Amino acid sequence: MTEHTGRPKYLQVADELRRAIRAGSYPVGSELPSTSQLTRTYEVSTTVVRAAVRELRQEGVVQGQPGKAVYVTAEPGETPDGADRSDLAVRLRELEDRTSTALAALEARVTELEGRVSPP
């Protein structure tokens, strides 16, 4: 995967898989290639492939688990609106993760500082 679009790689892989499903390379009922095959095909990490499959699973396009069989269960929707909502959901999840991490770090720092302060 050599595109430098600013779009996360897992979304690029998910886009490619959607295109392949629409083109009939992976018809409904067929099994997607294994995680290791997809990592070689798209030249990305296992983590990226798993995230791409998770994205398709959340859309209802595939069922199964990366590392086990994953089957195509539906044609991907072609509405640009849906893609925009999907991107927004991804951004919200990323923001939620960063916020949780920042809050945990802040809480740890406050606890540390409170431990340094002796009562009057």
Side-chain angles (χ1 to χ4, degrees):
M1 184 132 281
T2 57
E3 286 185 54
H4 299 291
T5 63
R7 187 168 166 84
K9 285 187 180 185
Y10 78 96
L11 291 176
Q12 292 178 41
V13 171
D15 291 342
E16 289 297 320
L17 288 170
R18 281 188 209 92
R19 280 191 272 281
I21 293 167
R22 281 189 202 109
S25 298
Y26 309 117
V28 172
S30 70
E31 189 175 328
L32 287 182
S34 69
T35 299
S36 61
Q37 289 171 319
L38 291 172
T39 60
R40 286 190 301 272
T41 298
Y42 295 110
E43 299 176 346
V44 294
S45 70
T46 300
T47 304
V48 169
V49 168
R50 287 181 177 159
V53 170
R54 184 174 48 247
E55 188 74 17
L56 295 177
R57 198 172 54 245
Q58 289 173 343
E59 294 170 12
V61 175
V62 300
Q63 282 186 341
Q65 296 288 334
K68 299 181 181 179
V70 176
Y71 295 92
V72 178
T73 56
E75 290 269 337
E78 294 189 25
T79 59
D81 249 4
D84 291 343
R85 282 192 300 272
S86 175
D87 288 349
L88 181 58
V90 168
R91 288 188 202 128
L92 285 172
R93 282 193 300 270
E94 290 170 350
L95 179 59
E96 189 174 355
D97 290 344
R98 285 196 310 259
T99 302
S100 294
T101 302
L103 286 174
L106 180 60
E107 183 177 328
R109 182 70 176 139
V110 167
T111 301
E112 176 190 338
L113 291 172
E114 286 175 343
R116 290 182 185 179
V117 175
S118 58

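Small disclaimer: the values here were computed from a predicted structure and weren't measured.
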Taking Arg22 for its side chain and Glu75 for its backbone only, find out whether a donor-acceptor pair lies under 3.5 Å.
no

Would you say Val44 and Val49 make side-chain contact, with heavy atoms under 4.5 Å?
yes

Distance, nearest 0.5 Å, that separates CG of Leu106 from OG1 of Thr101
12.5 Å

Minimum heavy-atom separation for Tyr10 and Ala52, please, with both atom names.
O-CB, 3.3 Å

If you look at every heavy atom in Val53 and Val62, which pair is closest and at what distance?
O-CG2, 3.9 Å

Only one of Leu17, Val70, Val13, Thr46 clears side-chain contact (heavy atoms from CB on, under 4.5 Å) with Leu38; which?
Leu17

What residues form a side-chain contact (heavy atoms from CB on, under 4.5 Å) with Thr47, not counting sequence neighbours?
Ser45

Thinking salt bridges, do Glu55 and Arg93 make one under a 4.0 Å N-O criterion?
yes

Ser34 meets the side-chain contact (heavy atoms from CB on, under 4.5 Å) criterion, sequence neighbours left out, with Ser36, Gln37

With side-chain contact (heavy atoms from CB on, under 4.5 Å) as the criterion, how do Thr73 and Val28 come out once you've worked through the C-alpha distance, each side chain's angles and the decisive distance to 0.1 Å?
CA-CA 5 Å; Thr73 56; Val28 172; 5.6 Å; no

Contacts of type side-chain contact (heavy atoms from CB on, under 4.5 Å), residue Glu96, not counting sequence neighbours:
none

What distance separates Arg54 CZ from Gln58 CD, expressed to the nearest 0.5 Å?
7.0 Å

Value rounded to 0.5 Å, distance of CZ in Arg116 from OG1 in Thr111:
12.0 Å

How far does CG of Leu56 sit from CD of Gln63, to the nearest 0.5 angstrom?
12.5 Å

State the CD-NZ distance between Gln12 and Lys9, to the nearest 0.5 angstrom.
7.5 Å

Using the test side-chain contact (heavy atoms from CB on, under 4.5 Å), find all partners of Thr99 that sit at least two apart in sequence or belong to another chain.
Leu95, Leu103

Smallest separation among heavy atoms of Gly60 and Ala74, with atom names:
O-CB, 3.6 Å

Could I get the full list of side-chain hydrogen bond (donor to acceptor under 3.5 Å, both in side chains) partners for Arg98, not counting sequence neighbours?
none

Specify the closest pair of heavy atoms between Arg7 and Asp15, including all atoms of both residues, with the distance to one decimal.
NE-OD2, 2.9 Å

Who passes side-chain hydrogen bond (donor to acceptor under 3.5 Å, both in side chains) against Glu107, sequence neighbours left out?
none

Where the side chain of Glu59 meets the backbone of Pro76, is there a donor-acceptor pair that is under 3.5 Å apart?
no

Contact summary for Tyr26 and Glu31, nearest pair of heavy atoms:
CD2-O, 4.3 Å

